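These notes are about the structure you will find just below.
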Amino acid sequence: MKVAFFDSGIGGLSVLHHALKVLPQEEFIFFADEDHVPYGTKSREEVLRFVDEAFEFLIGQGVGAIVVACNTATSVAVKEMREKYSLPIIGMEPALKLALDLFPQKKVLVTATAITITGEKILNLIEKLHAENLTELKALPRLVEFAERQEFNSAAVENYLRGELADYDFEKFSALVLGCTHFNYFKDTLRKVLPPHVKILDGNAGTINELIRRTNLQPSLIPFPVSLAPAFLQPSLIPFPVSLAPAFFYSKRRVTDSAELLRLEKFLKRLDEMEAIK
Ligand code: DGL
């Protein structure tokens with residue numbers, strides 16, 4: 001089954017990166033809406049329209065399931081897309097439940113885009129988990145811009161994070177949740193800025209587990225080595241058989257240009273480096 005991963009930009013590659021490791025034999029399409037990124041600072045109506053257009057295109061590509069590898073798009077549009085289409089649609093959920101299961105007594109800082117932290121979806125999740133007193137929400141919109149221009153660990157990134165996180169008393173917190181898929185590129189700087197006891201959690205494994213559950217795809221018994229993930233751009237370099245390299249699209253344009261494929265490879269390599277940081 002062909003599975004699409006959809007994001008406003010390259011944040012969703014972090015979810016695809018995990019899928020490539022767990023499901024190396026599957027056929028994937030990756031759609032980054034580069035014409036409209038960032039979503040997080042736009043109106044909900046605009047985002048809904050962008051997601052609707054992307055879904056129409058992806059359905060036309062014959063996909064059997066769509067992973068909305070974007071917390072913002074999930075927050076705004078997943079309900080509407082599920083009403084409109086009958087194929088499995090898997091959304092992102094910030095790993096708040098995981099954080100509270102691991103550390104039930106301490107607070108969790110959920111970082112995301114402005115749309116996500118003001119949306120009903122996150123508020124419903126907090127209510128469902130009875131976590132009103134244990135959850136704080138923080139928008140970090142500039143991380144999306146930094147990620148898109150591949151500025152991962154500059155002084156500007158560090159200063160931005162230090163400034164935005166300066167007011168939290170982290171003694172009271174157990175975890176920082178990455179509630180935006182673009183934030184996965186900054187785990188090293190976050191690790192530098194946060195006290196060591198504050199864990200950095202993302203929702204990627206949870207999303208892929210949900211994809212497997214909903215589609216009956218068979219996870220590989222031997223996980224694909226993470227360090228080889230960029231080689232998916234050139235499957236001939238992979239030392240054992242995998243089905244196909246993912247097809248990458250920027251908005252509705254297939255990415256074939258070698259400079260752009262190199263850009264994507266750089267993101268995948270960065271994700272390899274970030275994978276081990278918790
Ligand atoms: N990657 C997205 C998310 O997970 C959205 C970032 C943006 O476009 O603002 O929320």
Side-chain angles (χ1 to χ4, degrees), residues 1-8 10-32 39 51 54-55 58-59 61 63-102 108 110-113 115-116 119-129 131 135 175 177-184 199-221 223-224 226 229 243 246 271 274-275 278:
M1 179 201 295
K2 212 191 304 189
V3 178
F5 285 72
F6 160 69
D7 183 31
S8 62
I10 44 63
L13 274 183
S14 63
V15 193
L16 174 68
H17 183 264
H18 189 77
L20 289 172
K21 200 171 65 161
V22 182
L23 298 163
Q25 304 294 336
E26 301 304 328
E27 187 180 353
F28 298 127
I29 288 190
F30 182 75
F31 183 108
Y39 280 3
V51 177
F55 262 64
L58 291 170
I59 302 280
Q61 298 294 309
V63 300
I66 299 180
V67 177
V68 183
C70 174
N71 295 78
T72 309
T74 301
S75 168
V76 171
V78 89
K79 190 165 160 270
E80 283 79 354
M81 293 306 110
R82 285 185 182 137
E83 279 161 13
K84 194 163 168 184
Y85 299 106
S86 59
L87 82 175
I89 297 171
I90 293 88
M92 294 300 296
E93 182 170 280
L96 178 61
K97 182 173 184 312
L98 173 66
L100 293 169
D101 285 348
L102 290 171
V108 179
V110 178
T111 60
T113 64
I115 287 197
T116 302
E120 234 177 70
K121 212 165 188 326
I122 186 88
L123 301 178
N124 289 343
L125 177 68
I126 294 170
E127 196 182 312
K128 195 174 92 189
L129 298 172
T135 312
V177 164
L178 305 175
C180 168
T181 51
H182 278 77
F183 296 177
N184 286 278
K199 300 292 166 236
I200 301 166
L201 301 176
D202 66 64
N204 293 345
T207 302
I208 299 309
N209 287 343
E210 181 65 4
L211 170 69
I212 290 167
R213 203 181 60 75
R214 297 274 303 281
T215 54
N216 287 325
L217 292 177
Q218 291 305 310
S220 167
L221 293 176
F224 189 79
V226 186
S243 54
L271 292 166
M274 295 301 99
E275 178 93 4
K278 299 284 174 240

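Quick caveat, the model's predicted, so the values are computed rather than measured.
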ask   = What's the verdict on side-chain contact (heavy atoms from CB on, under 4.5 Å) for Phe55 and Ile89, showing C-alpha distance, side-chain angles and the deciding distance?
value = CA-CA 10 Å; Phe55 262 64; Ile89 297 171; 3.6 Å; yes
task = Go through the steps for Glu80 and Lys84 under the test side-chain contact (heavy atoms from CB on, under 4.5 Å), then give the verdict.
result = CA-CA 6 Å; Glu80 283 79 354; Lys84 194 163 168 184; over 6 Å; no
task = Take Leu129 and Lys97, measure what side-chain contact (heavy atoms from CB on, under 4.5 Å) needs, and give me the verdict at the end.
result = CA-CA 7 Å; Leu129 298 172; Lys97 182 173 184 312; 4.0 Å; yes
task = For the pair His182 and Ile10, evaluate side-chain contact (heavy atoms from CB on, under 4.5 Å) and give the outcome as yes or no after the intermediate values.
result = CA-CA 7 Å; His182 278 77; Ile10 44 63; 3.6 Å; yes
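Between the side chain of Ser75 and the main chain of Lys121, no donor-acceptor pair closer than 3.5 Å is present. Between the side chain of Thr72 and the backbone N or O of Ile115, no donor-acceptor pair lies under 3.5 Å. The backbone N or O of Thr181 lies less than 3.5 Å from a partner atom in the side chain of Asn184, making a donor-acceptor pair. In terms of modelled atom types and a separation under 3.5 Å, the side chain of Thr111 and the main chain of Val177 share a donor-acceptor contact. At least one donor-acceptor pair under 3.5 Å links the side chain of Lys278 to the backbone N or O of Glu275.
In this structure, the separation between OG1 on Thr215 and CD on Glu210 is 9.5 Å, given to the nearest 0.5 Å. To the nearest 0.5 angstrom, Leu96 atom CG is 9.5 Å from Asp101 atom CG. In this structure, CG on Leu217 lies 5.5 Å from CG on Leu23, to the nearest 0.5 angstrom. Summarising the geometry, atom CD1 belonging to Ile29 is positioned 11.0 Å from atom CG belonging to Leu16; distances are rounded to the nearest 0.5 Å.
The shortest distance between side-chain heavy atoms of Val22 and Ile212 falls below 4.5 Å. Side-chain atoms of Val76 and Tyr39, non-hydrogen and from C-beta on, never get closer than 4.5 Å to each other. Looking at heavy atoms from C-beta onward, Leu13 lies in side-chain contact with Leu271 at the 4.5 angstrom threshold.
Across all their heavy atoms, Ala19 and Phe28 have their closest contact at CB-CZ, 4.0 Å. Here the closest heavy-atom approach between residue Pro246 and residue Leu20 is recorded as CG-CD2, 4.0 Å. When every heavy atom of Ala69 is checked against every heavy atom of Val15, the shortest pair comes out as CB-CG2, 3.6 Å. Taking each heavy atom of Ile122 and Thr116 in turn, the nearest pair found is CG2-O, 3.0 Å. Counting all heavy atoms, side chain and backbone alike, Pro88 lies closest to Gly64 at CD-O, 3.2 Å. Of all heavy-atom pairs between Asp7 and Gly12, the closest is OD2-N, 2.8 Å.
Within 6.0 Å of atom CD in Glu120, 12 or fewer heavy atoms from other residues, nucleotides or ligands are found, so the atom counts as exposed in its surroundings. In this structure, Glu127 places its CD atom where only 12 or fewer heavy-atom neighbours from other residues, nucleotides or ligands lie under 6.0 Å away.
Checked against the 6.0 Å centroid criterion, the rings of Phe6 and Phe31 qualify as a close aromatic pair.
Every residue two or more places apart in sequence or in another chain was checked for a salt bridge (Lys or Arg N to Asp or Glu O under 4.0 Å) with Arg82, and none qualifies.
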Using distance only, find each side-chain donor-acceptor pair of residues 199-209 under 3.5 Å and give its atom names and separation, not counting sequence neighbours.
residue	atom	partner	partner atom	Å
Lys199	NZ	Pro196	O	3.3
Asp202	OD1	Asn204	N	2.8
Asp202	OD2	Lys187	NZ	3.1
Asn204	ND2	Ser14	O	3.3
Thr207	OG1	Gly203	O	2.8
Asn209	ND2	Ala205	O	3.4

